[in-house]
There are 2 protein chains.
Amino acid sequence: MDDSSEYLALPPGSGAILSLIASGAGQSRASLAQAAGLSRSTIAERLAPLFAAGFVEEGAEALSSGGRPARILRLNKNFGVTLAADVGESHIHLAVTDLEPNILVENVVSLDVRSGPETILARIVDEFCDLLDRVGRTKREVLGIGLGMPAPVDYEAARVFGPSVMLGWDDFDIRGWMRAHFEAHVLVENDVNLMTLSEFRRFWPDVGQFLFIKAGTGIGSGIITDGRIYRGAQGAAGDIGHIQFASDNAPLCRCGKLGCVEARAGGWALARDLRAQGFTAHNARDIINLVRINQPEAIQLVRAAGRVLGEVTADVVSVLNPAVIVIGGVLSEAEEHLLSGVRELVYQRSLPLATRKLQIAAARSNPSVGLLLGAAQLVIESQMAPATIDRTIARYRRPAIPRPLESLTDSPRSRSD
Amino acid sequence: MDDSSEYLALPPGSGAILSLIASGAGQSRASLAQAAGLSRSTIAERLAPLFAAGFVEEGAEALSSGGRPARILRLNKNFGVTLAADVGESHIHLAVTDLEPNILVENVVSLDVRSGPETILARIVDEFCDLLDRVGRTKREVLGIGLGMPAPVDYEAARVFGPSVMLGWDDFDIRGWMRAHFEAHVLVENDVNLMTLSEFRRFWPDVGQFLFIKAGTGIGSGIITDGRIYRGAQGAAGDIGHIQFASDNAPLCRCGKLGCVEARAGGWALARDLRAQGFTAHNARDIINLVRINQPEAIQLVRAAGRVLGEVTADVVSVLNPAVIVIGGVLSEAEEHLLSGVRELVYQRSLPLATRKLQIAAARSNPSVGLLLGAAQLVIESQMAPATIDRTIARYRRPAIPRPLESLTDSPRSRSD
DNA sequence: TACCTTATGATTGTTTTTATACATAAATTC
DNA sequence: GAATTTATGTATAAAAACAATCATAAGGTA
């Protein structure tokens, strides 16, 4: 037994502990024991190889609750990386992230989504390789790949659905294609769900029923219940942009129906209305630029959009009774101009029991960064889940560091005193 | 150690097994081992005391999968009873059930819900005692009490909310009051959620995303995801009856708002419209009676109501993307007269991805029986849940039957050959 | 009927996990 | 600064759970 090149065989059960640490269910050895239903001795026994293999680190901070503070355990954010890409209608935004996740390096390329899946995926693969080189990481270190798509996605099958903007993508086997080029797990998710996940984990982690509404050029929503994305039966949940309201002169939506929320309050619809008044505007960003310079017509349109959004939000509140609603997307940069209408309609229309403690807030994260972090988060959570953790550990087994335990106990941790 | 009067101390861990059996997660010893993550030996060891204490029985049926069929394990449905009550606006429906659940005895009493909580709860307690006597069971055998209320309910707090029909009930401590008279767990739930639960468990147990719509005198809905009632943050989820649609001449709802779904399609609204045409009708039952004799005006109103219901259902489908929608309540007895409108609007308005595999069906269980069974089911599931099972076992510990294991192995089970 | 398959019962020694104890560490409170 | 509280490290005997094995049971299939 030479311990310089020997691969460390992690004892069975360590995976479950790592999974708990990754999910945040256990921050200290004591809370891990409670969460796992195991004794302190067993936790200690299982942590040792996780430290030795470099999966787990000790945080310097320590929250005291009266006595000796617990030593915070956390995932070693550098034992692997994720690849994240946001496929937009005209641009692709890509990044390499660590496992916290933080963006290590990113890039934006111009490419029309209608170029078709093979062209776009090939470009994504190229860019990923490039970005990996730039941060000096290898394909072997890639925990998984997360792709965000501006369309309904069947999450299990990792396929885009419906003949939307994504011409040629319908039912295309994205996972199969990617795995021919990367030996990593490939997850595909709707872009709104990724923004939802990111906003939720960073700012509202303990909220049971969370609703995120994206008001951008298009309109959509994401739902999180009990900490998990609610996808519905086919992954089509949260599709509020194409709920229809009756009215005189119901506008034609780009989906072909009349009077959809998006055709009344989406960025493209507001741009349409501004153009009719002689302005130059094509998308949500153009609207916001006009709002920023206090253009009254733009502000008025955004406020009207807020009320339309409020109408549909009130319906969703009646159905879901969320504890928190966050409005994101480019239009949400108009802050109160948009939110006041939402608040007005929700409080007017929904049951007092449902609105009494309801919070309605603007998103705090940058949409594009949030989306990439959401994609990374999804990859991390899926690969660190109890069902997959053992496979993940097996892939990342490293040569054992000689005498890791002694070195750890000799100099417990760096401190500032 | 005399084994005739000795109370059997169940070894720790048996509770988890019983919980799995009760939830249906394990039907045989082998599948239990898998579900619990324990070995066959351990399962056998833990089952013995469960048999001895009378918690578990062996079913006669045995499903073969090529070799020796597994012996089906199931909860002994007679080791306790539940008490269930459906508080309606003018009547109270009560029952004692076993743990399957089946109704053992039931009764209906006329009592206006506006008599106030103390009067009504006192009457319920009296009736429960009476019903227990009639089936020869004692208070000690009561696993729990389930109450269904025609109003929004805060499930955790077991309180009714909002100044609705239930005058004087707002924030009344139902659990506290009941527990002064019965030493049993008291659960209070919205009536629609109970009907939802019952319909789901009996007819659609494996559906991931389930939506139940109650179309009766009022209109409401219940949502089940991953086998659990979705209640939202305060228990107000599924309140679709008071979603508002704009239109000319929006009718006034009994909630005070204009244009609610209920004011357009609820039984009381249809009765209002029929009275305006000279008929005599006051509630959903009257409407259905007219439909049954093919009264054209009634049929036309029900069909129009179906389309209104379809409008709101389409919205809910866009938000939730359910796999199955069941329409229940008295109006659903009109079957296709009501359902065709729902189907029409849902297929017309919702995303094809969401409707491709969507099933829309009429409820199969009798509303009132379903509600009572739902209340019983809720009690059983809550008392058999992993978190509470050990308390439940402790309450129901019985004197050990002398030499229970030997008697079991001597005559393994009754068979029909 | 013989054979195959799967489920279960019973027994064994081995391995894992636990409870317990005592010592140490690091914060708060008095 | 001492006492208190909480978290952790280490060690050991006791308990629990396991895998492995053989035997039996009960269905289907050739």
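Lettering follows sequence order; numbering is per chain, from 1. What you see is a predicted model, and the numbers here were worked out from it, not measured in a lab.
Without hydrogens or angle criteria, B/S28 side chain to B/R71 main chain gives no donor-acceptor distance under 3.5 Å. Of the possible donor and acceptor atoms, one in the side chain of A/E199 sits under 3.5 Å from a partner among the backbone N and O of A/R364. A distance-only check finds a donor-acceptor pair linking the side chain of A/S14 to the backbone of A/R46 [under 3.5 Å]. The closest donor-acceptor contact from the side chain of B/T82 to the backbone of B/A376 lies at 3.5 Å or more, if one exists at all. Judged by distance alone, the side chain of A/R201 and the main-chain N or O of A/G227 form a donor-acceptor pair under 3.5 Å.
For A/A70, the side-chain atoms get nearest to D/dA7 when compared with the rest of C/dA26, D/dA26, D/dA7.
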After noting the C-alpha distance and the side-chain angles of B/E58 and B/R74, does the key distance pass the side-chain contact (heavy atoms from CB on, under 4.5 Å) rule?
-> CA-CA 6 Å; B/E58 245 171 19; B/R74 65 173 183 219; over 6 Å; no
Evaluate salt bridge (charged side-chain N to carboxylate O under 4.0 Å, His left out) for A/R175 paired with A/E156, printing each intermediate quantity in order.
-> CA-CA 10 Å; A/R175 181 175 286 145; A/E156 299 292 334; over 6 Å; no
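Between B/F79 and B/Y396, the angle of the ring planes goes over 60°, which puts this pair in the perpendicular group of the 30/60° scheme.
When the P atom of C/dG9 is taken as reference, atom CG of B/L47 falls 8 Å away, rounded to whole Å. One atom, CG of B/L73, and another, C1' of C/dT8, lie 11 Å apart when rounded to the nearest Å. Rounded to an integer number of Å, the gap from CD of A/Q34 to C1' of D/dT8 is 16 Å. Rounded to whole Å, atom P of C/dA26 lies 11 Å from atom CD of A/E58.
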Which atom pairs link the protein and nucleotides 23-25 of chain D when you take only N or O atoms and keep those under 3.5 Å?
residue	atom	partner	partner atom	Å
D/dA25	O4'	B/R68	NH1	3.3
D/dA25	N3	B/R68	NH1	3.3

Which atoms of nucleotides 15-19 of chain D (N or O only) lie under 3.5 Å from a protein N or O atom, and what are those distances?
residue	atom	partner	partner atom	Å
D/dA17	OP1	B/R46	NH2	2.1
D/dA17	OP2	B/R46	NH2	3.2
D/dC18	OP1	B/S39	N	3.3
D/dC18	OP2	B/S39	N	2.9
D/dC18	OP2	B/S39	OG	2.8
D/dC18	OP2	B/T42	OG1	2.1
D/dC18	O5'	B/S39	OG	3.4

